[in-house]
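To start, the structure itself, in structure tokens.
Quantities reported herein were computed from a predicted structural model and do not represent experimental measurements.
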Amino acid sequence: MATFLSRLGRLAFRRRGVTLLLWLLIFGGVGFAASSAPAPPADTFSMPGTESQEAFDLLTEKFPDASADGASARVVVRAPEGAKITTPAQRTKVERLVSELGASSPQVVGVANPYKSPDISISKDGTTAYMVVTYKVPAMEVGDKAHDGLDAATERAREAGLTVEAGGDAVKIEQAMGGTGEQIGILICAIVLVLTFGSMIAAGMPLITALIGVGIGISGITALGSTLGLSGTTSTLAMMIGLAVGIDYALFIVSRFRAERAEGRTPEEAAGRAVGTAGSAVVFAGLTVIVALAGLAVVNIPMLTKMGLAAAGTVAVSVLVAITLVPALLGLAPVKVMARKGRLRYAVKPLSDRQQRRAAKHEAKLARKTKPNLGSRWASYVLRHPVAVLLVGVVGLGTVAVPAASLELGLPGEGQMSTETTQRKAYDLLSESFGPGFNGPLMVTVQTTDTKAKAAGDEIGKALGKTAGVASVSPATANKVGDTAILTVIPTTGPTEKKTEELVRELRDTAGGLEQGTVSRILVTGQTAMFIDFSQTLDDALLPYLGLVVGLAFLLLMVVFRSVLVPLKAALGFLLSVAAALGAVVAVFQWGWLADVFGIDAPGPIMSTMPIFMIGVVFGLAMDYEVFLVSRMRESYAHGARPGEAVVDGFRYGGRVVSAAAVIMMSVFSGFIVEDNDFVKMIGFALAIAVLFDAFIVRMAIVPALFALLGKSAWWLPKWLDRILPRVDVEGEKLGEAQAAPRSHRDRTLVG
């Protein structure tokens with residue numbers, strides 16, 4: 001592996017112009033394909049095997065009009081203080097609003113007048129009413145003009161004295177991404193890269209190559225969207241993790257190139273060894289990330305499967321960019337990529353007398369510089385106190401992980417949005433005037449073997465209405481054939497409350513006992529029931545997903561490091577950091593600790609998709625840090641160093657780069673914490689804190705402590721297993737035989 005990649009790196013370095021041109025052609029070609037491809041399909045959501053999905057499929061078949069996927073907006077109006085919405089003056093204002101909403105856009109199908117169904121649409125105290133605006137297109141296709149028309153109509157009603165707010169999927173959601181916080185995070189990334197490399201050219205390479213890789217990946221997803229059914233949101237995970245690993249991979253290779261140049265190798269030799277060693281680590285780190293993302297298929301939710309596979313493809317592109325485009329760019333600036341202070345040392349043009357004196361002075365300074373750097377000093381300290389460091393790290397993370405035992409999963413709803421949004425205000429108005437359960441109605445479908453579904457539905461509705469926690473049950477509505485009926489159940493509790501989840505389970509148990517005679521099937525669905533099923537599906541899949549990801553990664557790392565204990569340690573360390581990160585998320589976002597500090601409006605259940613996404617992203621970054629750091633140790637050990645010396649060497653050459661990579665990712669993720677949306681805050685906080693724990697506590701403290709305690713045993717591999725496992729030579733042991741000895745800094749013939 002190392003020999004092959006080394007040859008590839010040298011080839012890309014020599015043929016830098018051709019390599020760069022090929023990538024630019026790929027970038028342009030994929031971009032053109034994306035721009036000319038049909039529009040991606042709208043988001044579709046399904047959960048095979050759940051009762052909610054079975055009910056939705058039945059509705060699509062029996063009630064095609066009622067189950068249409070058109071968007072809707074629920075507009076809530078409240079009369080001025082002391083007035084009733086039913087008075088003639090207020091009714092005139094509301095009906096004018098109904099008329100204006102109907103004419104606000106050609107996409108509007110109709111608006112339900114609340115005065116035609118006052119028992120349902122007007123509150124008992126007569127102060128509040130709501131109307132539903134239906135659209136002929138899905139939410140993703142509601143245009144800007146339709147959004148503007150809705151906003152203008154509601155604003156005119158406010159000017160008339162009404163309190164008007166709107167919720168529903170047709171209402172425009174202000175983008176929470178790309179704000180000031182994210183821009184600050186990217187700025188910090190650039191600063192960290194400049195400080196790490198001491199060169200603007202070297203700092204820019206990881207950013208440029210990462211953007212190219214992500215651009216190709218996202219464009220490819222867009223180009224294949226209509227063919228493979230990839231919606232516009234499929235690329236969300238691909239963009240996040242593609243950018244993260246793309247920066248890391250290029251950072252590792254550029255750093256290794258500079259280290260090889262510092263040891264006296266020519267630019268081409270340095271590029272070959274950088275791709276052969278650090279590039280090997282990149283390839284296997286990329287494989288572990290691809291395993292983690294493709295493993296999302298075990299959750300059995302098509303949307304997540306597509307997101308995972310799309311992100312895996314983007315990671316594969318990032319790996320290819322790192323091992324080919326990065327050495328080509330290094331070939332364009334082999335001198336300027338070095339730190340500015342010592343750049344004369346690598347000059348290829350004749351030096352003036354003054355420049356020669358400066359270069360000689362710098363050479364002498366380097367020759368005298370035998371003092372270990374911060375990474376090697378820290379590794380030496382851990383080697384002297386391994387038990388203390390190990391106990392502090394494990395106990396500390398274990399303590400932070402304790403709240404994770406109380407993890408409650410849910411899905412984002414309007415009740416968790418910022419209190420400044422119109423969706424949240426509409427949600428609160430409905431809760432106050434109609435009851436908390438009004439925002440999360442349940443739908444019950446009753447299927448019969450005859451055409452008397454309405455009568456059967458009414459009887460079943462009476463039985464379900466006696467269940468504790470049910471506020472009301474609507475009369476049954478049958479389809480045209482009369483063999484299926486639907487009825488609406490309003491809970492007494494809100495859609496995200498634990499009691500509502502218990503009610504759904506009780507209604508389903510009760511419904512099962514009512515199925516007899518002509519009633520063949522009773523199903524409980526609705527948005528709230530769907531959220532509950534979705535959370536349960538993810539909860540059930542979490543442990544199998546972890547087992548699959550960790551198991552396959554264990555096998556890959558065992559091949560890479562020729563050891564049983566090293567991959568075991570890596571997997572256990574990852575699980576510890578993820579548990580600690582989940583504990584911190586639960587404490588802050590579910591329990592409300594430090595809620596004021598992070599600006600959290602409504603502590604509540606953790607978003608169901610967050611643990612799965614966090615595992616995928618953090619696993620990728622954790623394996624990056626593990627492979628790059630430990631591969632330097634393995635390389636040193638394979639070349640004859642003692643176990644302790646190998647640990648120090650790994651930190652001397654890899655500690656600074658891994659720390660820089662971790663700080664960069666933390667900066668990017670932390671930028672999301674200052675955004676308005678609580679769930680954007682949650683994702684940003686979870687990823688930032690997970691990287692902090694994994695990079696600086698697990699990889700920088702627990703890993704060297706375990707190596708110190710294990711000694712040579714860390715690299716133990718049974719002989720029978722050693723014979724079976726393929727040899728990939730990630731540490732570059734054969735590169736020394738394949739390449740000539742490095743020349744002195746004075747003997748340079750390559751132009752750079």
CZ/F56 to OG1/T525 distance, rounded to the nearest 0.5 angstrom? 3.5 Å
Quick check for you: to the nearest 0.5 Å, what is the distance between T92 atom OG1 and E95 atom CD? 6.5 Å
Member of E502, E51, E54, E501 meeting the salt bridge (Lys or Arg N to Asp or Glu O under 4.0 Å) criterion with R508: E51
Rounded distance (nearest 0.5 Å) linking atom NZ of K452 with atom CG of D458: 14.0 Å
CZ of R78 to NZ of K425: how many Å apart, nearest 0.5 Å? 13.0 Å
Run the side-chain hydrogen bond (donor to acceptor under 3.5 Å, both in side chains) check on T500 and T493 step by step: do they pass? CA-CA 6 Å; T500 305; T493 52; 2.5 Å; yes
Residues that Y130 engages under ring-ring contact (aromatic ring centres under 6.0 Å, His included), provided they are two or more places apart: F434, F438
For the CE atom of M530 and the OG1 atom of T528, what is their distance to the nearest 0.5 Å? 9.0 Å
Less than 3.5 Å apart, which donor and acceptor atoms pair up between the side chains of residues 100-113 and the rest of the protein, not counting sequence neighbours?
residue: E100; atom: OE1; partner: R156; partner atom: NE; Å: 3.2
residue: S104; atom: OG; partner: L101; partner atom: O; Å: 2.7
residue: S105; atom: OG; partner: Q107; partner atom: N; Å: 3.1
residue: Q107; atom: OE1; partner: G143; partner atom: N; Å: 3.1
residue: Q107; atom: NE2; partner: E141; partner atom: O; Å: 3.2
residue: N113; atom: OD1; partner: Y115; partner atom: N; Å: 2.9

If we ignore angles and hydrogens, is there a donor and acceptor under 3.5 Å between the side chains of S433 and D125? no
Just how far is it from atom OG1 of T127 to atom CG of L429, taken to the nearest 0.5 Å? 9.0 Å
Among residues two or more places apart or on two chains, list those pairs meeting salt bridge (Lys or Arg N to Asp or Glu O under 4.0 Å) that have a residue in residues 103-121. none
Exercise: do T467 and E506 side chains pair donor with acceptor under 3.5 Å: no
